[in-house]
Amino acid sequence: MDDSERFRVSAQRLLTDQGIMVVATAADSHQAIHAVEHEQPDVVLVDVGLGTESGFDLAARIRCSPVIMVSSLAPEDVTELLAESPAIGFLPKEQLSGGAITGLLHTTSPTG
C-alpha cells in the first residue's frame, strides 16, 4: 500500500523477482482494505505517509494479516509511532527486499 504508483510498480517487480508473490497493490486505504479482505495476504506493506492519509491509521484497521510499515523516512523518525502501532516492524524503502520481509515475519512469529 503506497500512494506512489512508481514505488508500487518498482516494489512489485523487485519482490516478484525475489520470489515473493504480490497478490495486490493499492493506492489508498479503501483499495487496501478491499484487497486485504479479499486476498488475505500473508503480510501487508503499508507506507507511513499516504498523501492525506496516515499509514498508521490504516495499519490499525488491518486485523487479519501482519503489517510492515515502509517509508523513505529514517527509522528514528517513526520509532514512537511504530511503538504505538500494531505493525510488526518497519523497513526503510531502500532496504525493501524479500529477505527483509521474511526476516521480520520470522522474528515475530510464535516459533520465531
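Rounding to the nearest 0.5 Å gives a distance of 12.0 Å between CZ of R63 and CD of E37. One distance of note links CD of E39 with OG of S65; it measures 10.5 Å at 0.5 Å rounding.
Checked by atom type and distance alone, the side chain of H38 pairs as donor or acceptor with a backbone atom of H34 at under 3.5 Å.
At a threshold of 4.5 Å between non-hydrogen side-chain atoms, the residues V43 and L105 count as touching. Annotation: side chain of P92 is not in contact with side chain of S72 (no heavy-atom distance under 4.5 Å).
Under a cut-off of 6.0 angstrom, the local environment of CD in E80 is sparse, with at most 12 non-hydrogen atoms contributed by other residues, nucleotides or ligands. Applying the 6.0 Å contact sphere to CG of D77 captures more than 12 heavy atoms from other residues, nucleotides or ligands. Heavy atoms of other residues, nucleotides or ligands lying less than 6.0 angstrom from CD of E5 number 12 at most.
Other residues sharing the hydrophobic cluster of L82, ordered by chain and number and joined by side-chain separations under 4.5 Å: M1, I33, V36, V44, V46, V48, L50, F56, L58, I62, V67, M69, L73, V78, L81, F90.
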- [ ] Go through L91 and L104 one step at a time and tell me if the side chain to side chain contact (heavy atoms under 4.5 Å, CB included) criterion holds.
- [x] CA-CA 9 Å; L91 285 174; L104 280 173; 3.7 Å; yes
Task: Test log, rule side chain to side chain contact (heavy atoms under 4.5 Å, CB included), inputs L45 and L96 - done: CA-CA 10 Å; L45 304 179; L96 182 64; 3.9 Å; yes
TODO: Walk me through it: do D47 and S71 pass the test side chain to side chain contact (heavy atoms under 4.5 Å, CB included)?
DONE: CA-CA 5 Å; D47 190 9; S71 181; 4.2 Å; yes
Less than 3.5 Å apart, which donor and acceptor atoms pair up between the side chains of residues 11-26 and the rest of the protein, not counting sequence neighbours?
from	atom 1	to	atom 2	distance (Å)
T16	OG1	Q12	O	2.7
Q18	OE1	G98	N	2.5

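Between D2 and K93, at least one side-chain N (NZ, or NE/NH1/NH2) sits under 4.0 Å from a carboxylate O, which counts as a salt bridge.
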